[in-house]
*Asks:* 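One structure follows; several queries about it will come next.
Residue numbering restarts at 1 for every chain, and letters A, B, ... go by the order of the sequence lines. What you see is a predicted model; the values in this text were computed from it and never measured.
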There are 2 protein chains.
Amino acid sequence: MTIDTAISELSAFLGDRLSRSKSDLDAHGASETWYAPAPPDAVAYPESTEEVARILAICTAHGCPVVAFGAGTSLEGQTSAVAGGVTLDFARMNKVLAIHQGDMEAVVQPGLTREELNRELRDTGLFFSVDPGANASLGGMAATRASGTTALRYGTIRENILALEVVLADGRVIRTGSGAKKSAAGYDLTGLFLGSEGTLGIITELTVKLRGQPEAVSAGVCAFGAMSDAVETVVAVIQMGIPMARMEFVDADTVRAVNAYSGTDLPEQPHLFVEFHGSDASAAEDAARFGELAAEVGASDVRTATRTEDRTALWTARHHAYWACLGLKPGATAVVTDVCVPISRLAEAVEETRADIAASHIPGPILGHVGDGNFHAILLVEAGNEADLAEARRLASRMAERALRMGGTITGEHGIGLGKLGYMEAEHGEAWAVMGEIKRTLDPAGILNPGKLVRQN
Amino acid sequence: MTIDTAISELSAFLGDRLSRSKSDLDAHGASETWYAPAPPDAVAYPESTEEVARILAICTAHGCPVVAFGAGTSLEGQTSAVAGGVTLDFARMNKVLAIHQGDMEAVVQPGLTREELNRELRDTGLFFSVDPGANASLGGMAATRASGTTALRYGTIRENILALEVVLADGRVIRTGSGAKKSAAGYDLTGLFLGSEGTLGIITELTVKLRGQPEAVSAGVCAFGAMSDAVETVVAVIQMGIPMARMEFVDADTVRAVNAYSGTDLPEQPHLFVEFHGSDASAAEDAARFGELAAEVGASDVRTATRTEDRTALWTARHHAYWACLGLKPGATAVVTDVCVPISRLAEAVEETRADIAASHIPGPILGHVGDGNFHAILLVEAGNEADLAEARRLASRMAERALRMGGTITGEHGIGLGKLGYMEAEHGEAWAVMGEIKRTLDPAGILNPGKLVRQN
Ligand SMILES: Cc1cc2nc3c(=O)[nH]c(=O)nc-3n(C[C@H](O)[C@H](O)[C@H](O)COP(=O)(O)OP(=O)(O)OC[C@H]3O[C@@H](n4cnc5c(N)ncnc54)[C@H](O)[C@@H]3O)c2cc1C
Ligand SMILES: Cc1cc2nc3c(=O)[nH]c(=O)nc-3n(C[C@H](O)[C@H](O)[C@H](O)COP(=O)(O)OP(=O)(O)OC[C@H]3O[C@@H](n4cnc5c(N)ncnc54)[C@H](O)[C@@H]3O)c2cc1C
């Protein structure tokens, strides 16, 4: 068999860095969410770009599927090895290669996680801003076009990657971008690989932008009587141009889950979690303007935190919200939705989603990076319960359709993987076909993460 | 002949919107800079996406080159019809189709210029931020990945375009992106068309981001004793994270030219032109911090302007700098360079460039968007003087090589066109070949702006 031939060639040069142990295969075939396990035939742990190039050349020659794997935290089944083959785990390519402090840039390997990077940057006065909550790898974040809580101020991964080294399916190694802050030198190949979910090439090095630690950071939470009040506040804040660093919405169900999971005692009402970065004066001014707007719609229980520990506690609670929500239904797994709509439609989109879920038999706390118009319902389904799953998928479908009807997108940040394939045609029409044409140009043998993102033929 | 067949088919349905008048052909074959005229065989003035689609289908069928044309202000010969064919002038597709005030977005046709757009936005409290100085068209700015004086704060065109409508070479019409602020739904086709200089598809509609007019704007100019002091100030400002809206460098030669052209009386020394946007308090705070840094290196003659008229006068002088420089050498045309380097190498890059030009026989004022690490030398050559031109090209080459050696790029914002083709391999290596593969996938007949950006075979 072709996969077997490839694997024996790989094993000849990778030695024990090619694993076929059941536990390894299972760990790499599992998913954070509801997707059925789909283990690969082998897991490779490359240590260099050259090894990755050699692996890809072999796999292309034998038609063996290759699935890149960072931290495995993606939510749409992106790392499932649905056609078998080899998973490339970047655990051993996780170094910071250079920190260019004066240029506010770092060069890193793809397996490095964002928390590891920020740990290394601790004493530099700089930080890497993209924050998807989960401790994702830089390669995985780049490959899913991740964003998270700070995109409002610092942009998504798209605004924070300057250059990539990429190995193409045939083993060629290319560099995209440069150390310059901007360039008009031809097609934006960096941008093309961002969000390509391992289907166009394998990222082996990234040059990332760093940000200066703000002089002052202040954070706050406030409770609202109604979800619509919270969302109205968000819309007003955006339209007034208050430079928020973070602005996260959680609904009452999410608060209940977070209180139980993290031992907090927030009132069980919709909340906004906010953060301001700037000079002492500007952060205070921004916080005051935000406070006024929130007060106008009757926000109460405003708690602020300026000490690092208090802020960390606050954001840890928010970052654990996903696991907290899972705890609402013991033994549950989740269908996680991820729509993003124009800000003027946000209130309507959230309200209609809320009503839909309220009328259904499954729980679905809502939370999100609402400053971008992006929110999630965590639809809780009992593992193996087909009725739950069908209902969750129906709700997810309605959310996706609603987002498209409102001029938005089916995924603000989680990507396509397996879960959103069914809506790609609706979102993109003929442009989806163009994605397929590009895919076939760069990966004619179709070995790179088959079954994901583009139309399957 | 195939071009003739295409033109007669086009003329049958475009009527007098297909022009073959000599003056029209000449106007569209000319260039802002030193490139030899290369007129097309005809100029079409489409009025709708459908017409563009029909034109492209006809041109693909007959192998007739198609060159898109916005305002014709590009500097690298991008609109030269080097292989003849039809130029598509978007003068009649220049409408604002919608302004979504709440979402801070506008939908526009490609022929609209940025000044026209900002005029239409005057009463909304919003503005379109990308400002290349010239009154470029939105389609041209998108197609060249333009930036300009405000990229420092608001990003380049890449950060300010949400969605495109594009007609492909075969006449298919696709939509990329959506009205949502971010998306992870598959390959970033919007990004792929930005900077593609009309070689991958023709942009027929753009959804652009708008920004809120800042509450307060203050501007200033200050003179420095030495160029290195000005550049050092820039580097310090960036590293301290002072949120500048604009930070432009002009050297003493440029000041001399500007004084002569615009009637200003700036001392003939290197200057920085700066601008701050924010609340009254934050703009004042930022200006004060900038002032302190500049004073530390001995900046003098700091003039500030807060009234709109004064600021406009200041920026008009800056925006006219290109034409002012041309005035330094009567009858001259220019080879305009456009390198961008990591900020830590900026001082060195500018100094070495200055020394190179000083040792040459042609004038070359230096100016640029130094906050991004991006600067230009306007190398003045007498029209038709081969020795001048050879010298300018030698200097330009050295600048490009220097930028690459320093980890930068051969073009920060002007693009490739004809002028930078020769450095593409040096900048991108195998990635340039990948650009060619993508080009051939989307335009197999090679009709879209042939001779530009990708390797010619
Ligand atoms: C609790 C929780 C909260 C989350 N919150 C957010 C959020 O706020 N925002 C957000 O954007 N996401 C969020 N996510 C999703 C997830 O964290 C992101 O999708 C993340 O970017 C995935 O990174 P990873 O390293 O885990 O990638 P993986 O899951 O390992 O891989 C993801 C995809 O990238 C590909 N890939 C990985 N490495 C490479 C490489 N080197 N080259 C090419 N392709 C590669 C894989 O093949 C796969 O297709 C959340 C997840 C969880 C569990
Ligand atoms: C004085 C002066 C100062 C300048 N300063 C700057 C600056 O600061 N920053 C900067 O970035 N640039 C600058 N430029 C260059 C120029 O203004 C930009 O390149 C601008 O983006 C070109 O826009 P345009 O409408 O004139 O495009 P054109 O010159 O008409 O076309 C440029 C390219 O885009 C393609 N194109 C045009 N319209 C479309 C379309 N609808 N679909 C597909 N392709 C299309 C053309 O085929 C061509 O390849 C300056 C130019 C001058 C003369």
*Asks:* Please determine, among A:H428, A:K181, A:E427, the option with the most heavy-atom pairs under 4.5 Å with chain B.
*Replies:* A:H428
*Asks:* A:G191, A:S344, A:G415: which one forms the most heavy-atom pairs within less than 4.5 Å of chain B?
*Replies:* A:S344
*Asks:* Below 4.5 Å, heavy atoms only, C-beta onward: do A:V454 and A:T199 meet side chain to side chain?
*Replies:* no
*Asks:* Which atoms of A:L453 are under 4.5 Å from chain B, going by heavy atoms: the side chain, the backbone, both sets, or neither?
*Replies:* side chain
*Asks:* Looking at chain A, which one of B:S183, B:A403, B:G212 has the largest number of heavy-atom pairs inside 4.5 Å, strictly under?
*Replies:* B:S183
*Asks:* Indicate the ring-plane relationship of B:H376 and B:H414, choosing parallel, tilted or perpendicular according to the 30° and 60° boundaries.
*Replies:* parallel
*Asks:* Side chain, backbone, both or neither: which part of B:E437 has a heavy atom under 4.5 Å from chain A?
*Replies:* both
*Asks:* In terms of heavy-atom pairs under 4.5 Å, which option from B:N374, B:L168, B:T144 contacts chain A the most?
*Replies:* B:N374
*Asks:* At a heavy-atom separation under 4.5 Å, does A:R158 approach chain B through its side chain, its backbone, both, or neither?
*Replies:* both
*Asks:* Among A:G429, A:G408, A:G241, A:P342, which has the most heavy-atom pairs under 4.5 Å with chain B?
*Replies:* A:P342
*Asks:* Check each atom of A:E430 against the heavy atoms of chain B and say whether the ones under 4.5 Å are side chain, backbone, both or neither.
*Replies:* both
*Asks:* Heavy-atom pairs under 4.5 Å with chain A are the metric here; pick the option from B:G155, B:G195, B:G407, B:G186 that has the most.
*Replies:* B:G186
